[in-house]
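Please read the structure below before turning to the comments.
Treat the numbers as computed from the prediction; the structure is a model and nothing was measured. Atom set for the values below is all heavy atoms of this structure, side chains included, hydrogens, waters and symmetry mates excluded.
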Amino acid sequence: MGLCHCQESTRELGELLGEARYYLVQGLIEDCQLALQQKRETLSPLCLIPTVTSPREEQQLLASTSKPVVKLLHNRSNNKYSYTSTSDDNLLKNIELFDKLALRFHGRLLFLKDVLGDEICCWSFYGQGRKIAEVCCTSIVYATEKKQTKVEFPEARIFEETLNILIYETPRGPDPALLEATGGAAGAGGAGRGEDEENREHRVRRIHVRRHITHDERPHGQQIVFKD
């Protein structure tokens with residue numbers, strides 16, 4: 001109802017501005033223009049999420065924004081094998097979480113969807129134009145008779161990386177101490193200063209569900225991840 005009222009109000013202002021221009025009422029023209037400008041600046045009823053259609057377009061989007069970026073790649077057509085029983089639900093949960101995060105943080109982060117990539121379900125996090133972290137949610141399960149594609153839903157890790165990427169909001173980059181505190185795998189391991197520290201800063205933090213899971217490991221029901 002509020003959005004509808006906003007659209008009607010804007011349309012009425014536009015019509016009034018047209019009449020004011022027709023009758024050359026300069027004061028009314030200026031008032032209408034000011035009111036329309038204020039509405040554009042203070043009201044943003046839409047959360048726009050671009051869909052990536054090519055690698056070139058993705059690079060252009062990354063280069064054209066000053067915001068940190070969260071991208072979800074989900075491409076069900078890439079599945080070469082059957083899915084496990086929970087994979088469809090988990091794929092949907094990843095998409096629903098992406099939508100929730102976009103509604104919550106769209107003013108601070110740019111959210112992108114990619115439906116053409118090579119992965120089935122993968123999150124990527126960018127700061128200042130470069131990839132900072134990646135959470136890949138798929139693996140291949142080797143059952144007794146066939147291979148199956150398994151999709152995971154590492155919700156806590158996705159939340160963590162989304163919050164971590166917010167430290168790249170400032171144009172001059174994150175504070176080194178804050179980067180160290182939130183670095184996860186990239187900030188751990190007791191690396192020294194100097195060249196090692198510089199390399200660590202540019203390393204992509206990748207969290208992947210283990211690519212190959214044997215049938216004997218499945219009954220434990222535990223999420224297995226490894227860190228690069």
Heavy-atom closest contact ([X] atom, [Y] atom, distance):
| X | Y | answer |
| --- | --- | --- |
| E119 | T138 | OE1-OG1, 3.5 Å |
| L61 | L112 | CD1-CD2, 3.8 Å |
| F111 | P50 | O-CD, 3.3 Å |
| Y83 | Q148 | O-NE2, 3.5 Å |
| I49 | A102 | CD1-CB, 3.6 Å |
| F98 | K71 | CE1-C, 4.4 Å |

Within a strict 4.5 Å, meaning less than it, do heavy atoms of the [X] and [Y] side chains meet?
| X | Y | result |
| --- | --- | --- |
| E152 | K93 | no |
| K147 | V141 | no |
| D89 | F153 | no |
| L110 | L62 | no |
| D99 | L103 | no |
| E134 | C122 | yes |
| L101 | V70 | no |
| Q38 | L34 | yes |

Subject >> same_hphob_cluster(W123, V115) at 4.5 Å side-chain heavy-atom cutoff >> reply: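 No, separate clusters.
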Subject >> Single-linkage hydrophobic cluster Y22~L24, side-chain heavy atoms < 4.5 angstrom >> reply: no
Original post:
Is there a side-chain contact (heavy atoms from CB on, under 4.5 Å) between E161 and R157 once you walk through the steps?
Top reply: CA-CA 6 Å; E161 295 300 347; R157 172 59 69 179; 3.4 Å; yes
Point-to-point distance, once rounded to the nearest 0.5 Å, from [atom1] of [X] to [atom2] of [Y]:
| X | Y | atom1 | atom2 | answer |
| --- | --- | --- | --- | --- |
| Q33 | L28 | CD | CG | 10.0 Å |
| L116 | S54 | CG | OG | 8.5 Å |
| I120 | L91 | CD1 | CG | 8.5 Å |
| L109 | L163 | CG | CG | 9.0 Å |
| D31 | L36 | CG | CG | 11.0 Å |

**OP:** Before giving the answer on side chain to side chain donor-acceptor pair (under 3.5 Å), spell out for E58 and Y126 the whole-Å C-alpha distance, their side-chain angles and the decisive distance to 0.1 Å.
**Re:** CA-CA 12 Å; E58 178 180 335; Y126 299 83; 3.1 Å; yes
Please answer whether the main-chain N or O of [Y] pairs with a side-chain N or O of [X] as donor and acceptor at a distance below 3.5 Å.
| X | Y | result |
| --- | --- | --- |
| N90 | V151 | yes |
| E57 | T53 | yes |
| K67 | H106 | yes |
| S64 | Q60 | yes |
| S87 | T149 | yes |
| N75 | G117 | yes |

**OP:** Consider only side-chain N and O atoms of E30 and Q26, and report whether a donor and an acceptor are under 3.5 Å apart.
**Re:**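 On atom types as modelled, these side chains qualify, holding a pair under 3.5 Å.
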**OP:** Report the C-alpha distance between I158 and T162 in whole Å, list the side-chain angles of each, state the deciding distance to 0.1 Å, and finish with yes or no for side-chain contact (heavy atoms from CB on, under 4.5 Å).
**Re:** CA-CA 6 Å; I158 295 165; T162 302; 4.2 Å; yes
**OP:** Please test C121 against L72 for side-chain contact (heavy atoms from CB on, under 4.5 Å), starting from the C-alpha separation and ending with a verdict.
**Re:** CA-CA 7 Å; C121 184; L72 174 62; 4.2 Å; yes
**OP:** Show the numbers, then the answer: is there a side-chain contact (heavy atoms from CB on, under 4.5 Å) between I165 and F105?
**Re:** CA-CA 11 Å; I165 207 65; F105 293 109; over 6 Å; no
